[in-house]
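Quick caveat, the model's predicted, so the values are computed rather than measured. No hydrogens, no waters, no symmetry mates; every other heavy atom, side chains included, goes into these values. By convention in this document, chain letters (A, B, ...) are assigned in the order of the sequence lines, proteins followed by strands, and residues within each chain are numbered from 1.
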Number of protein chains: 2
Amino acid sequence: MTGAGMEPAKVDRIFQALGDPTRRAILDALSRQPSSVSDLARPLDMSLAAVVQHIQALEESGLVRTEKQGRVRTCHLMPETFATAERWLSERRTLWERRLDRLGALLDEEENG
Amino acid sequence: MTGAGMEPAKVDRIFQALGDPTRRAILDALSRQPSSVSDLARPLDMSLAAVVQHIQALEESGLVRTEKQGRVRTCHLMPETFATAERWLSERRTLWERRLDRLGALLDEEENG
DNA sequence: AATATTGTTAAGTTGATACTTAACTATACA
DNA sequence: TGTATAGTTAAGTATCAACTTAACAATATT
């Protein structure tokens with residue numbers, strides 16, 4: 001049995017955050033190592049302010065957490081939030097797949113039984 | 001080894017499609033049973049035309065496939081596309097988690113070794 | 001102390017996207 | 001044959017999201 005599922009508002013913000021390609025690029029970079037805001041901004045073709053805004057969205061979604069020490073803010077992934085999104089997807093996928101299996105079994109019975 | 005990953009353009013459309021709450025509601029309904037366009041529209045507080053447009057986005061992303069027979073178009077989930085999104089997430093999550101593990105091991109060595 | 005670096009915030013612009021209505025096509029049904 | 005049902009398409013609107021610039025704050029460097 002898979003759990004009852006997370007509050008929809010949380011899932012909403014997670015998937016909304018994942019919907020933007022720049023934010024996914026940031027997540028991709030962060031999967032390799034924690035990084036500062038300007039590290040993350042360097043390869044991206046946009047202002048630092050824009051990147052800051054993306055990081056805020058990612059943090060509000062829970063996909064990223066940040067700490068500031070001195071003048072540099074360091075960002076890192078939050079794997080549990082990734083897992084929440086994965087679960088949303090896999091719950092629906094497997095629900096569907098199990099349905100297909102049952103249907104297949106039913107057809108077999110009809111054929112053989 | 002996990003594969004090299006799918007063409008980014010495809011992943012883009014998948015996650016963009018997943019970013020909308022109405023579309024996720026449609027996917028949720030479809031995880032339980034295949035449905036016609038008007039079946040899907042009934043619980044949603046918007047015009048049929050709007051729902052049609054959402055379904056088009058879902059179909060272009062590959063999350064849903066549809067066939068029309070007679071005047072009714074039936075929609076169903078495409079589990080492989082769900083799996084593609086799940087893989088994108090889990091690849092990054094596990095990359096990060098393995099990194100954490102290595103770091104933990106390193107600290108242990110330092111402590112004990 | 002002066003300067004450079006790092007990040008934050010506010011305000012405005014622009015383009016994308018989620019809707020609407022309306023006109024239409026195609027199929028099923030009485 | 002006429003009417004209801006199911007869906008499609010086009011065109012317009014309005015909201016939202018992603019950016020910009022600019023002014024600022026805080027910390028580090030020389």
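Under a 3.5 Å cut-off, the side chain of Ser35(B) and the backbone N or O of Gln33(B) do form a donor-acceptor pair.
Across all strands, Val52(B) comes closer than 4.0 Å to base atoms (heavy-atom distances). Ala57(B) comes within 4.0 angstrom of no nucleic acid atom, judged by non-hydrogen atoms across all strands.
Ile55(B) places its CD1 atom 13 Å from the P atom of dC19(C), with the value rounded to the nearest Å. Distance CG (Leu18(B)) to P (dA18(C)): 12 Å, rounded to an integer number of Å. Atoms NZ (Lys68(B)) and P (dA6(D)) sit 12 Å apart, rounded to a whole Å. The interatomic distance linking Glu67(A) (CD) with dT6(C) (P) rounds to 19 Å, in whole Å. Going from atom NE2 of His54(B) over to atom C1' of dT9(D) covers 16 Å, rounded to whole Å. The distance from atom CD of Gln53(A) to atom P of dA10(C) is 11 Å, rounded to the nearest whole Å. Atom pair Gln56(A):CD and dC19(D):P shows a separation of 14 Å (rounding to whole Å applied). One interatomic measurement links the two molecules: CG of Asp20(B) to C1' of dA16(C), which rounds to 13 Å at whole-angstrom precision.
Below the 3.5 angstrom threshold, one finds no donor paired with an acceptor across the side chain of Arg71(A) and the base of dT6(C).
Considering only side-chain atoms of Val37(A), the nucleotide from dA18(D), dG7(D), dT8(C) that sits closest is dT8(C). Of the candidates dA22(D), dG7(C), dA22(C), the closest approach to any side-chain atom of Val72(A) belongs to dG7(C). Which of dT6(C), dT20(D), dA6(D) sits closest to the side chain of Ala50(A) comes down to dT20(D).
What you find for Arg93(A) and Pro79(B) is that their closest heavy atoms are CD-O, 3.3 Å. His54(B) approaches Thr22(B) most closely through the heavy-atom pair CD2-CG2, 3.7 Å. When all heavy atoms of Ala17(A) and Leu58(A) are compared, the pair lying nearest together is CB-CD2, 4.3 Å.
Residue Ser47(A) places at least one side-chain N or O under 4.0 Å from the OP1 or OP2 atom of dT20(D). One finds a side-chain N or O of Gln16(B) lying less than 4.0 angstrom from the OP1 or OP2 phosphate oxygen of dT17(C).
Mapping Arg73(B) and Gln69(A) onto DNA chain D by nearest heavy atom places Arg73(B) closer to the 5' end of the strand. Nearest-nucleotide mapping onto DNA chain D: of Gly19(A) and Thr74(B), the residue sitting toward the 5' end is Thr74(B).
Using bins of under 30°, 30° to 60° and over 60° for the plane-to-plane angle, the ring pair Trp88(A)/Phe15(A) lands in the perpendicular bin.
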